[in-house]
Amino acid sequence: MSDGQTTFTKERQEVETVVIRFVGDSGDGMQLTGTQFTAASALAGNDIGTLPDFPAEIRAPAGTLAGVSGFQLNFSRSEIFTPGDHPDVLVAMNPAALKSNLEDLPTGGMLILDQEAFNEQNLKKAGYAANPLTDGSLDRYRVFAVDITRLTTLALKDSGLSNKQVLRCKNFFTLGLMAWLYHRPIEPILAFLAERFGKNAALLDANTRAFKAGLFFGETSDLFTMQYEVPPATIAPGTYRNVTGNSALCIGLIAAAERAGLPLFLGSYPITPASDILHDLSGHKEHDVVTFQAEDEIAGVGAALGAAFGGALAVTTTSGPGIDLKSETIGLAVKTELPLIICDIQRGGPSTGLPTKTEQADLLAALYGRHGEAPAVVLAACSPADCFGTAIEAARIAIKYMTPVYLLSDGYLANGAEPWLLPKIDDLPDFRVEFRTDPSGYYPYLRDAETLSRPWVVPGTPGLEHRIGGLESEYLTGNISYAPANHEQMVRLRAKKIAGIAREIPPTKIIGAESGKVLVVGWGSTYGSITAAVRSLHRDGLSVSQVHLRHLNPLPPDLGDVLRRFEHVLVPEMNMGHLSRVLRAEYLIDAIGFNKIQGRPFKVEEIVTRVKKLVEEEA
Amino acid sequence: MSDGQTTFTKERQEVETVVIRFVGDSGDGMQLTGTQFTAASALAGNDIGTLPDFPAEIRAPAGTLAGVSGFQLNFSRSEIFTPGDHPDVLVAMNPAALKSNLEDLPTGGMLILDQEAFNEQNLKKAGYAANPLTDGSLDRYRVFAVDITRLTTLALKDSGLSNKQVLRCKNFFTLGLMAWLYHRPIEPILAFLAERFGKNAALLDANTRAFKAGLFFGETSDLFTMQYEVPPATIAPGTYRNVTGNSALCIGLIAAAERAGLPLFLGSYPITPASDILHDLSGHKEHDVVTFQAEDEIAGVGAALGAAFGGALAVTTTSGPGIDLKSETIGLAVKTELPLIICDIQRGGPSTGLPTKTEQADLLAALYGRHGEAPAVVLAACSPADCFGTAIEAARIAIKYMTPVYLLSDGYLANGAEPWLLPKIDDLPDFRVEFRTDPSGYYPYLRDAETLSRPWVVPGTPGLEHRIGGLESEYLTGNISYAPANHEQMVRLRAKKIAGIAREIPPTKIIGAESGKVLVVGWGSTYGSITAAVRSLHRDGLSVSQVHLRHLNPLPPDLGDVLRRFEHVLVPEMNMGHLSRVLRAEYLIDAIGFNKIQGRPFKVEEIVTRVKKLVEEEA
Amino acid sequence: MSIANLKEPGKLTKKDFESDQEVRWCPGCGDYAILAQVQRVLPDLGIPRENYVFVSGIGCSSRFPYYVNTYGFHTLHGRAPAIATGLKLTRPELSVWIVTGDGDALSIGGNHLIHILRRNLDVNILLFNNRIYGLTKGQYSPTSEPGKVTKSTPDGSVDNPFKPLVLALGAEATFLARTIDVEARHLQDVVRRAHAHRGASFVEILQNCNIFNDGAFNDVTDRDIKAEHQLVLEEGKPMIFGKERDKGIRMNGMRPEVVQLDSTNESEILVHDSKNPVLAYLLGHMTPPEFPTPIGVIYDVDRPVYEEGVQQQMRRAREKRGGNLDGLLKRGDVWTVS
Amino acid sequence: MSIANLKEPGKLTKKDFESDQEVRWCPGCGDYAILAQVQRVLPDLGIPRENYVFVSGIGCSSRFPYYVNTYGFHTLHGRAPAIATGLKLTRPELSVWIVTGDGDALSIGGNHLIHILRRNLDVNILLFNNRIYGLTKGQYSPTSEPGKVTKSTPDGSVDNPFKPLVLALGAEATFLARTIDVEARHLQDVVRRAHAHRGASFVEILQNCNIFNDGAFNDVTDRDIKAEHQLVLEEGKPMIFGKERDKGIRMNGMRPEVVQLDSTNESEILVHDSKNPVLAYLLGHMTPPEFPTPIGVIYDVDRPVYEEGVQQQMRRAREKRGGNLDGLLKRGDVWTVS
Ligand SMILES: Cc1ncc(C[n+]2csc(CCOP(=O)(O)OP(=O)(O)O)c2C)c(N)n1
Ligand SMILES: Cc1ncc(C[n+]2csc(CCOP(=O)(O)OP(=O)(O)O)c2C)c(N)n1
Ligand code: SF4
Ligand code: SF4
Ligand SMILES: [Mg+2]
Ligand SMILES: [Mg+2]
């Protein structure tokens, strides 16, 4: 440890990239262990990618398979894009955790176990007939059975804490051990402890002692013969923090509201995995944020629309089932041309589906899920940090074009985290809103010549009193009109306004050659896996290019040209082929779907294999 | 009049096809006039097509443009498919009615007006600066200014009715006059009057007298020099009745329930133009029909789903806004695999839109408007009478495949009427349901090897107690499962089940050559206009073929082959291109959209012109 | 869009609240009278015209905003309370009015209605109760009487109706009133009181739909008999009614009853107290033919107003935590790579 | 799927109502106790097991049907009453139970709840009120107390909560009761009474969510103090409570109050009468700390049952009009072409 107080003496081996998965009972604090290890790794200068995996039940009975909670972390000296396909190291706090995760550990992988947890009771709960520690079934792995429970208890024997409290410190013992093993900086962890338990000296002391006990156990025990080290990555200079997708989204929305000079209004109803946005924004009232937990999703989006009418940057957040319910109101926003951001943090469907799992199967619903001709803008974020930029882009478009904008994220982005190079506030686009106040020549549906947008006039503006609503409006005046030609004109105008946004979309960025055999096209959270796969394919000397879309409606104006420059277009999606369907209809290109619907992100190697197969078939 | 009591003496000219449009104030009884003229024409053996046009307001102030109500009727000696593009005869009861309809009357068209209604007050309400009867502006037409008000009043001067009641009889005077002019059988009209006013002798007498006065006025007045006659069409033998789309739909649903041996359950919430289905079915409790007017659309479809779980043939009816609201529950029906029919009587959108106008813009919402992967069957009726057969097909598929089925109709079909060759009950498909009662080997998600359908077990069946829900289920057992591979298997299974229905779709019927230059592909209510246009193009010697789809998901298995046999595929739709988008994505065929979004059906000549243009561009 | 006369609130007149749109209800509809009375009251409330917003759902009644020359939003069936909530939370200084029908508010919109009442946003809710669905041409509504024959209930309705005021009371409403379309003065007074109340004011307006439910309220609107059927509530006054003011309401145990007044029982007659929830409950339940129909302000109590609580939290957060974007970005652990 | 033992209703035991699914609530959750008591009551009601259907929405509580070995439908958040309505209308002979939470029933499902109550379908509604959203991990619900700090209200809630029983009463409920997860015997009794009631029975069950809202009902569950805080209602009995049964409820004008019992006031103590709506209103309003929490059957009156009205109309229509498909096809004017 370069600048630590402790000097370690064992041999230290450099490694490029490590994937660790921490698994344990929901009560074992694995999420905390994982995030602290992550924070330390980020500060150590590694590039990182993380994936928490929550159990579907709130608190399944301790020790059962249903109660297993996990956190996977990928840290590396080179640029990485995913939390890793397979763990190199599996840290399992009990038999259930081992059982439900072992299949992901490759032969020869490192397995760190809490020996004492493999008692009869726990083995039974996990459905083990024999103890895997002794029946030889783990022979393929490098097993380190550490007596975590006993050692933690020993370390805290005079702490004055209850037995239960003592056992709660096991995760910090484990963290200490792992910090030693991978030679992580310990200051940030100690600082975290001080902040977290600052008010409770006994707990601060106990957790610190447990942590250090783990650290020293690594150093002194014969079990481990060497330390590993992942040197810092070469990373763009700047200030970084670790951020989850939901958190980046919140900051993006607050920043967007500030850039627009508007209050931020969130109308929402809790639903996994979107709820954290409501929680997070509720804690930011100091930024002129109003959060409203409505009685249901319809009221959530309704309140947001009312706030938009009142002049706020209006947002509603939800997941799949809520998107269905909000569609009627979003149609009204389309018709009345009010700005509105609809964040859909997608999860496994259909219906209630798999609430804690990820999926990308709401794209077609976002595009087409409203009766009548109700075109809306659809954007998708591609990584946790990208949720920030996508939120700003969503707000910018919503306001400039007076339109609802869907922002698609998913469970994987929402809960996953990555280091984020903090933007400079002055570099953010400035889209300060000037509400119209001038009555001369005003009509509610007057149109800006370029954007075709109507003026935003808020109640309280003298002389501009007007009425809007869901019935078809007369061109310009906005009065109710059932005239056939007017309806056609208005339908086409609304479509044209949205289509016209394409003009602002920057040229499509192609990673790899500008033309060739295979183009992999993605959107949303598959970005990491696809990027890593394409890099890997490049390393293997294959000519594969990559395009990742943020703008899904309208599509980039040059996209058709780009697609046509490749012999094959492969579209990996965590659905049955939404984007590929859109590309086929739009460009008459035989886009090939590569579909995985398992509530889990693609593994890098899955994409690599699929692309190789495509190239081989070709040959 | 062949067998009437009255002999008419004026010259009589045979004509092929006549289109009459009756227009007047909402209070003038134009719908009644139109339907009675229609019934008489049907009994006269003509082929007919009708289109009522209701004002958007309930009762706009009398005499205003907003209050105009219309009814157009096309009757012919040859087969016809639409209510006609333009009226040959416009019967206008007041200036507002004239003003809002005159532009549709071709030069030389016949104009029959109630002279007395063109008074100063009415002219002002209609926004006429000068009286069109006298200012020469009607010179292009054959104008017959009849003093309908005065003549009716005269005819009823001793009737003892109030002035208001007398004026209400004007429409029967008009009907009498028109019946004379087109030599319609008068018995059915007299029979109708007897039934309608049977209990009120004074009204019966008055309306009969008014009707006859109109009849005799035609015969005796110098105004009209000849009668017209439209000889009977050669029509397939059988028993006919005149039927609107909504009415045919109701009968179809009742018949389907009877063929299935199930009670019929309708859960609905009123909305134009679907409400009449609720009204109609509410009057048929004797057929084991339960209708439930729910508190909203969500409860309507929810109750229907509950009824399906209980073993009814479950239906929910609505229009656009309701489709949005129902989508979450339809997703649950997809997931739990329960039979459910969702009738969407489409109207102009987006949002509240144009509630009394027609449109076809809900197709994509029916296909894709649910979060997650939630495939459902989508069918569309193509004519008022076809709503019957489509309802039966919807029920058959829903039950056989345990799936929600959308049945798309629209305002044009719902309110339009046509003669319907009554089917023989024994010819209807028999799909009597046998609920599973055998416990041995039962699993809730056991699958039929051919249909992939799960067994329908209703509560109350001993030994088969089970639970279903919206969370992902384990293959076979139906227990909650979050297992990745199981999810993928189930998603693909649900998709495969729906896709497999294609195997039952009969070979695509091509009207015209089996291959060639132009294929016109349609769905839904454009059938009439397209068919008439294609016939007309055939008469002009053009090689154009036609395909009209009832099954929109899954599509007919041979459709791709059919489409590829034509150089151009033209898709006329009353939307911005829903089906053409689907065909493009599905078959990578450059389907050309021909889109009209005016809340009105296509005119035959619009399609003729478009096809000709396509052929010319080609040349 | 008129480049409207920008008058001081005090100088506004009814005309200033008439929009340029032709009013399109059926001739004879009770909605006309309500519109006229509201347009008469608005100029007097001391609020600049541009600060009024009328939000409605869908229904004949919900066309109301088009005819009032203020800001207006004709939203979706049942959703006006939700949309008004977002508006009011964003712009608490606006005077927000919700116009709704018995179907709009009590059928599809029931949930939003009960929630806006319990939250007690400072809005005024005018429910036009014609006991029918007007716009969709005559289906029964949640206030239609049992047995009602309508298009969707040809054999008569089997639904038990809501009593709107009782439902609202159950939902924790802080202001309840009832008035009648044709009682011009009374309607104006009630609307004024509703506006004066801080919190959600719920006003049921009995409204005649002369096309689909004509005469539904004849007993309280017919000149000849209405005195026998209206119980006009006045704060602190005994509940006496009848042409001869010869009848009153008194308690018999825990149930109210109608009595013929005489010297012996005058003191037993209930005295109206709009702060008493039990009285509100009893009044909300009084229906013909057993009881006269109470009109006037039935209940009027104070409770914290939702948007004020929200505003207060925002003020406090600003004081306590500031609101600096840079700080927000750098929240938590940050590290610098150079 | 067990090829279950097809027993006579009279021979059923609790075990017959336990499904093969592992119960997955948090250890210590109040839902376990409710499940056990309901499973104990079901065998006694004389209904064949296959005729029970449990319909639920979404929430921890709504997982209930999976654990009861009868027919069950775990539907959508808030929609159980709607789905149960269609089921009951189709199959009136089934015994339909709705299991729901405070969020499911009173937030997203508020509208369906009030409508099923007003229609008075013969179903039993068990509302597990833990005053929190459990399944989504701890946001405040429409029954959370004002000022409540939760994930979505870090500065405390500014919402005024519903009183579920009062809301249900406002919605014309015919049966209201309250019980407590840990009061095994009482819970069983209340569930039995709910089942016995013809019409919609609304039962609020106070339920501890030990993870997100632990101890919300400590005052009525804590052995040491509960006697002082529970008002156990018994038909025809005076409302007396307290460890020493030394306190009672009496009316003071139109408001109830707690009094220390003595010989002078014993006769003034309110006597419970579940037919009295005003009493129900007062009891629904009694909340701590001013009052003890009433438990037991609060209200129980007769009103026509919705599905019976529907069935009757169908019977009459069949008698009057027959039901012949051919006649239906040929309704109206027909003509024959030969
Ligand atoms: C989502 C949705 N469902 C249904 C409708 C159709 N609809 C419009 S108004 C209305 C009922 C109107 O009744 P009420 O609220 O009593 O208003 P009234 O017309 O009587 O004033 C209905 C069912 C709609 N516009 N939107
Ligand atoms: C349409 C929809 N919105 C939101 C959710 C998320 N959700 C599930 S349960 C729940 C609230 C549960 O609270 P409650 O009804 O009180 O049940 P509890 O878990 O406390 O028993 C929410 C918001 C959902 N599943 N579906
Ligand atoms: S239908 Fe009834 S409520 Fe609607 S405008 Fe006409 S009279 Fe008024
Ligand atoms: S979260 Fe609360 S209500 Fe849900 S299972 Fe756990 S303890 Fe019970
Ligand atoms: Mg109404
Ligand atoms: Mg709860």
Side-chain angles (χ1 to χ4, degrees), chain B residues 25-27 31 54-67 125 127 266-286 289-300 317-322 324-326 347 349-353 355-356, chain C residues 21-29 31-32 56-63 66 73-79 102-113 130 132-142 144 148-159 162 209-213:
Chain B
D25 198 65
S26 329
Q31 302 301 328
F54 305 111
E57 268 77 31
I58 311 288
R59 293 269 192 285
T64 62
L65 293 169
K125 277 190 201 157
L266 174 69
S268 187
Y269 187 71
I271 188 166
T272 305
S275 308
D276 280 338
I277 305 173
L278 169 63
H279 305 160
D280 196 342
L281 287 178
S282 299
H284 286 294
K285 302 196 175 67
E286 68 275 14
V289 177
V290 178
T291 56
F292 172 60
Q293 179 179 317
E295 57 272 25
D296 63 14
E297 281 85 354
I298 300 178
T317 51
T318 193
S319 186
D324 294 357
L325 292 168
K326 288 176 199 285
R347 65 187 212 184
S351 195
T352 313
T356 55
Chain C
Q21 295 300 293
E22 204 184 331
V23 184
R24 295 244 173 114
W25 289 304
C26 305
C29 175
D31 291 354
Y32 283 96
S56 66
I58 301 284
C60 294
S61 32
S62 290
R63 295 287 180 100
Y66 288 115
F73 201 165
H74 181 222
T75 71
L76 296 172
H77 197 31
R79 313 303 172 194
D102 43 327
D104 193 61
L106 300 172
S107 197
I108 192 167
N111 205 29
H112 308 306
L113 177 72
N130 54 14
I132 198 82
Y133 286 4
L135 190 70
T136 46
K137 307 197 174 170
Q139 300 83 13
Y140 79 118
S141 90
S144 297
K148 178 110 194 157
V149 173
T150 70
K151 285 213 180 112
S152 55
T153 52
D155 303 313
S157 146
V158 295
D159 280 39
F162 281 135
C209 168
N210 55 311
I211 301 296
F212 296 112
N213 200 17

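In what follows, every chain begins at residue 1, and chains take the letters A, B, ... in the order their sequences are listed. On a predicted model such as this, the values are computed, not experimentally measured, just so you know.
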Name the region of [X], side chain, backbone, both or neither, that has any atom closer than 4.5 Å to a heavy atom of chain B.
X: C:L135; value: both
X: C:C60; value: side chain
X: C:H74; value: neither
X: C:F212; value: side chain
X: C:L106; value: neither
X: C:V23; value: backbone
X: C:P27; value: both

Checklist entry - Could you give the distance from NE2 (C:H77) to CG (B:D296), rounded to the nearest 0.5 Å? => result 9.0 Å
State, to 0.1 Å, how close [X] and [Y] come at their nearest heavy-atom pair, and which atoms those are.
X: C:D155; Y: B:S282; answer: OD2-O, 4.1 Å
X: B:I271; Y: C:T136; answer: CA-CG2, 4.4 Å
X: C:T75; Y: B:T352; answer: O-OG1, 4.1 Å
X: C:S107; Y: B:A294; answer: OG-O, 4.1 Å

Next on the checklist: With heavy-atom distances below 4.5 Å as the criterion, would you say the side chains of B:L325 and C:I108 are in contact?
Outcome noted: yes
Checklist entry - What option among C:G109, C:P154, C:C29 has the most heavy-atom pairs under 4.5 Å with chain B? => result C:P154
Checklist entry - When you measure from the side chain of B:Q293 to the backbone N and O of C:S152, does any donor-acceptor pair fall under 3.5 Å? => result no
Item to check | Which portion of B:S351 sits near chain C, non-hydrogen atoms under 4.5 angstrom | outcome: side chain
Item to check | Under 4.5 Å from any heavy atom of chain C - which part of B:S26 | outcome: neither
Checklist entry - Between C:Q139 and B:S275, is a side chain to side chain contact (heavy atoms under 4.5 Å, CB included) present by the stated rule, with each step listed? => result CA-CA 9 Å; C:Q139 300 83 13; B:S275 308; 3.8 Å; yes
